[in-house]
Peer 1: 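Take a look at this one; I'll ask things after.
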There are 2 protein chains.
Amino acid sequence: MATTASAPARRGPRTRAELLDAAERVVLRDGPAASMNAIAAEAGITKPILYRHFGDKAGLYVALADRHIETLLERLRTALTQSGTRRARTEAAIDAWLRLVEGNPALYRFLIHRGQAEEPQVRDRVAVFQRRLGEALAAGIAAELALPEPQWPRAQAWAHGIVGMVQAASDWWLDEQPFDRAALTRHLADLIDGAYARA
Amino acid sequence: MATTASAPARRGPRTRAELLDAAERVVLRDGPAASMNAIAAEAGITKPILYRHFGDKAGLYVALADRHIETLLERLRTALTQSGTRRARTEAAIDAWLRLVEGNPALYRFLIHRGQAEEPQVRDRVAVFQRRLGEALAAGIAAELALPEPQWPRAQAWAHGIVGMVQAASDWWLDEQPFDRAALTRHLADLIDGAYARA
DNA sequence: TGACAGAAGTTACCGCCGGTAACACACTGG
DNA sequence: CCAGTGTGTTACCGGCGGTAACTTCTGTCA
């Protein structure tokens with residue numbers, strides 16, 4: 001039916017990248033509840049091929065996330081190691097994150113909001129991303145403060161906390177938008193800077 | 001089979017509380033992926049009764065969450081309004097949260113970690129809890145700092161950020177446990193207190 | 001050129017899920 | 001005695017993630 005003479009429907013192999021493109025389109029359109037059938041249809045193929053490529057749904061989602069995670073981690077590391085004041089580094093790192101959030105909320109929700117969850121395996125593997133963010137930030141903080149190794153756990157606690165802070169504030173801000181991105185960056189940097197203690 | 005003469009299997013009505021008890025047992029045992037069938041079986045009944053009581057899975061989960069949310073919110077409000085130093089209030093609020101996390105990780109994951117998610121309706125309604133935490137904290141901060149109304153959004157940004165901070169730090173800490181609860185409380189209170197800026 | 005290995009892709013199925021329709025049984029009040 | 005109401009059941013629906021088994025195409029090498 002779908003494959004009449006007028007629609008040759010390519011028999012050749014799809015590349016992994018093409019499949020991921022299709023999957024991304026569907027996920028960004030339907031949210032993380034996107035079904036494997038829908039993704040396969042979007043890619044112009046059927047389910048078993050997806051499973052041959054990615055193993056299971058978790059594998060597909062991880063592959064999807066990996067395309068963006070490295071980019072973002074790199075931007076954060078750049079922000080964290082740039083020259084200038086510590087405050088500038090703080091703001092640059094937060095802003096790198098908020099730009100992603102503002103520019104593509106659907107992608108953000110997919111990446112960090114572990115939207116799918118159903119299967120524990122998916123939750124765990126996607127949660128890894130948040131952990132990697134935290135570890136990257138912990139390294140940045142330890143370097144920033146020149147902390148000796150015994151104090152690393154403290155830096156880790158702070159780092160994972162800060163990642164969660166920016167993430168939760170992003171969620172709230174996406175819904176409410178009471179001010180622009182730059183203002184949120186400032187407010188969060190203020191908080192990390194100890195503005196609450198001084199207020 | 002399961003209902004032989006030796007097991008009369010009660011024909012009388014189950015109360016809503018009994019059903020919630022059973023649901024809670026299953027959710028804490030199997031995680032948020034617990035199926036309605038499993039919950040019904042645990043309660044000694046069958047699915048349609050659950051649906052008569054709670055409408056759908058989201059309804060059951062909300063009812064389940066509501067049993068604990070008010071308690072926790074009350075504890076937080078108490079901590080936020082107690083007398084003493086600001087630092088003491090900060091630590092008391094964080095510690096109230098961490099006690100729940102440490103005392104019943106499974107319940108914590110269910111409440112805050114929006115584990116289920118599959119259906120958007122469930123996600124949204126469960127996410128409401130985190131929002132309420134944030135709003136309660138925002139009120140506390142606005143009161144603490146005697147902020148005029150125009151500055152409330154700033155307090156909200158901080159509050160929702162801090163809620164996320166404590167939550168993310170809890171997640172990490174539950175897995176790693178590099179120090180005890182009191183130390184985590186101190187570290188997080190330090191961060192809010194501006195220790196990073198002073199370091 | 002042609003037989004063939006193997007990748008690419010399909011159909012058809014499995015068990016389970018959330019959710020519902022339709023029916024069976026007890027208990028009460030008129 | 002019987003209707004009505006609430007409690008429970010069985011049996012089903014469509015759709016999900018995932019898989020087995022088969023077909024069809026394509027490139028390779030004698």
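Below, chain A is the first sequence line, B the second, and so on; all start at residue 1. Here the structure is a predicted model, which is why all the values come from computation and not from measurement.
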Peer 1: When all nucleic acid strands are considered with a 4.0 Å heavy-atom cut-off, which category describes A:I45: base, sugar-phosphate, or nothing?
Peer 2: sugar-phosphate
Peer 1: I need the single residue from B:V166, B:D190, B:D180, B:L98 that forms a side chain to side chain contact (heavy atoms under 4.5 Å, CB included) with B:T185. Which is it?
Peer 2: B:L98
Peer 1: Between C:dA8, D:dA20, D:dC16, which one does the side chain of A:R52 approach most closely?
Peer 2: C:dA8
Peer 1: Kindly say whether the aromatic ring centers of B:H68 and B:F110 come within a distance under 6.0 Å.
Peer 2: no
Peer 1: Report the distance from atom CZ of B:F54 to atom P of C:dG18, rounded to the nearest whole Å.
Peer 2: 15 Å
Peer 1: Any side-chain N or O of B:T46 under 4.0 Å from OP1/OP2 of D:dG8?
Peer 2: no
Peer 1: Does a side-chain heavy-atom distance below 4.5 Å link A:I192 with A:I94?
Peer 2: yes
Peer 1: Can you tell me if the side-chain N/O atoms of B:Y51 get under 4.0 Å from OP1 or OP2 in C:dG19?
Peer 2: yes
Peer 1: State, to the nearest 10°, the angle formed by the axis through the first five base pairs of the helix from C:dT1-D:dA30 to C:dG30-D:dC1 and the axis through its last five.
Peer 2: 30°
Peer 1: From the list D:dG17, D:dT9, C:dG18, which nucleotide is the closest neighbour of the side chain of B:S35?
Peer 2: C:dG18
Peer 1: Please work out whether the ring planes of B:W172 and A:H160 are parallel, tilted or perpendicular, with thresholds of 30° and 60°.
Peer 2: parallel
Peer 1: Going by modelled atom types, is there a donor-acceptor pair between the base of C:dG19 and the side chain of B:K57 at under 3.5 Å?
Peer 2: no
Peer 1: Could you state the atom-to-atom distance from NE2 of B:H53 to C1' of C:dG19 in whole Å?
Peer 2: 16 Å
Peer 1: Could you check which of C:dG19, C:dG9, D:dT7 has an atom nearest any side-chain atom of B:D56?
Peer 2: C:dG19
Peer 1: So which nucleotide from D:dT9, C:dG18, D:dG18 ends up closest to the side chain of B:I49?
Peer 2: D:dT9
